[in-house]
Amino acid sequence: SVPIKTTMSKGGVSMMRLHGNRLLRLCLAPLSLMLAPGLAAAQTVESMPMEQVKECICQEQQIKTLSDRLGTSSGAYSQRQKELQDTEQQLADLQRTAQPGDPDAVTKAEALVDRRNLLRDQLRDEFPGYNKMIADYNQRVERYNAACTKQPMLSFDIVTAKENLSCPNP
């Protein structure tokens, strides 16, 4: 027979002691086994189904394509805006420094005004398409985030999904 000794802890709770707290460990062990499956289940997230993995990979490819197009359009649009600013600055400088009645200054000013107007028209015409491209890109990213970031994709599912995958163009 093993000697059992009852003691009081700081909180006033009675605890049974058995040679080096073996009884306490014996009592807590089943409790930890009961709690562990619940904790593990609460942390377990199902992986993404294969069809969804395929859809998400296609969405990633479409977003990449749109991102590349948007980058190209953004660069061209920004370049045109910079050119407009430079043209307006050249026109302002010319107006400040030109001598009244200087025919070369008048000719140069007319050319700068024509260039400025052309750039404004181009930017005005491009803006709706550029703005739509940005909105489309943002919507696709939002859809991807909503559908593809809530569950993990297993690496071997990704490899399998990419085999013979055919995605529609954006």
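- In the model, Gln90 has no side-chain atom that pairs as donor or acceptor with a side-chain atom of Asp86 under 3.5 Å.
- Between Met48 and Met153, the shortest heavy-atom distance links the atoms SD-CG, 3.6 Å.
- Under the rule for a salt bridge (charged side-chain N to carboxylate O under 4.0 Å, His left out), the partners of Arg120 that lie at least two apart in sequence or sit in another chain are Glu88.
- The list of disulfide bond (SG atoms under 2.5 Å apart) pairs with a residue in residues 64-170, not counting sequence neighbours, reads Cys56-Cys148, Cys58-Cys167.
- Listed for the Thr65 side chain is a donor-acceptor partner under 3.5 Å among the backbone atoms of Gln61.
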Go through the steps to decide whether Tyr137 and Val141 satisfy the test side chain to side chain contact (heavy atoms under 4.5 Å, CB included), and finish with yes or no.
CA-CA 6 Å; Tyr137 175 81; Val141 169; 3.8 Å; yes
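- Neither Val106 nor Leu94 shares a network with the other; the hydrophobic side chains, linked directly or stepwise wherever heavy atoms of I, L, V, M, F, W or Y lie under 4.5 Å apart, form separate groups for each.
- The distance from atom CG of Asn145 to atom CD of Gln59, rounded to the nearest 0.5 Å, is 9.5 Å.
- With 3.5 Å as the limit, one finds a donor-acceptor pair spanning the side chains of Arg140 and Gln62.
- Nearest heavy-atom pair across Ala161 and Ile57 is CB-CD1, 3.7 Å.
- The CD atom of Glu110 sits 6.0 Å away from atom OG1 of Thr107, with the distance rounded to the nearest 0.5 Å.
- Separating the CD atom in Gln151 from the OG atom in Ser47 is a distance of 7.5 Å, to the nearest 0.5 Å.
- Clustering ILVMFWY residues whenever any of their side-chain heavy atoms sit less than 4.5 angstrom apart, transitively, puts Leu165 in the very cluster that holds Tyr144.
- Residues Ser73 and Glu126 form no side-chain contact, since every pair of their non-hydrogen atoms from C-beta on lies 4.5 Å or further apart.
- When every heavy atom of Asp157 is checked against every heavy atom of Val53, the shortest pair comes out as O-CG1, 4.0 Å.
- Taking 4.5 Å as the limit, some side-chain heavy atom of Val113 sits within range of a side-chain heavy atom of Asn117.
- Residue Ile63 holds its CD1 atom at 12.0 Å from CG of Leu70, rounded to the nearest 0.5 Å.
- Salt-bridge formation is not detected for the pair Glu83/Arg80: no Lys NZ or Arg NE/NH1/NH2 atom is positioned less than 4.0 Å from an Asp or Glu carboxylate oxygen.
- How far CG of Leu119 is from CD of Gln79: 10.5 Å, rounded to the nearest 0.5 Å.
- At a threshold of 4.5 Å between non-hydrogen side-chain atoms, the residues Arg96 and Asp93 count as touching.
- Taken from NZ in Lys54 to CD in Glu163, the straight-line distance is 9.5 Å, to the nearest 0.5 Å.
- Sorted by first and then second residue, the ring pair (Phe, Tyr, Trp, His ring centres under 6.0 Å) pairs involving residues 73-125 (not counting sequence neighbours) are Tyr77-Tyr130.
- Both Ile134 and Phe127 are assigned to one and the same hydrophobic cluster, defined by single-linkage of ILVMFWY side chains at heavy-atom distances under 4.5 Å.
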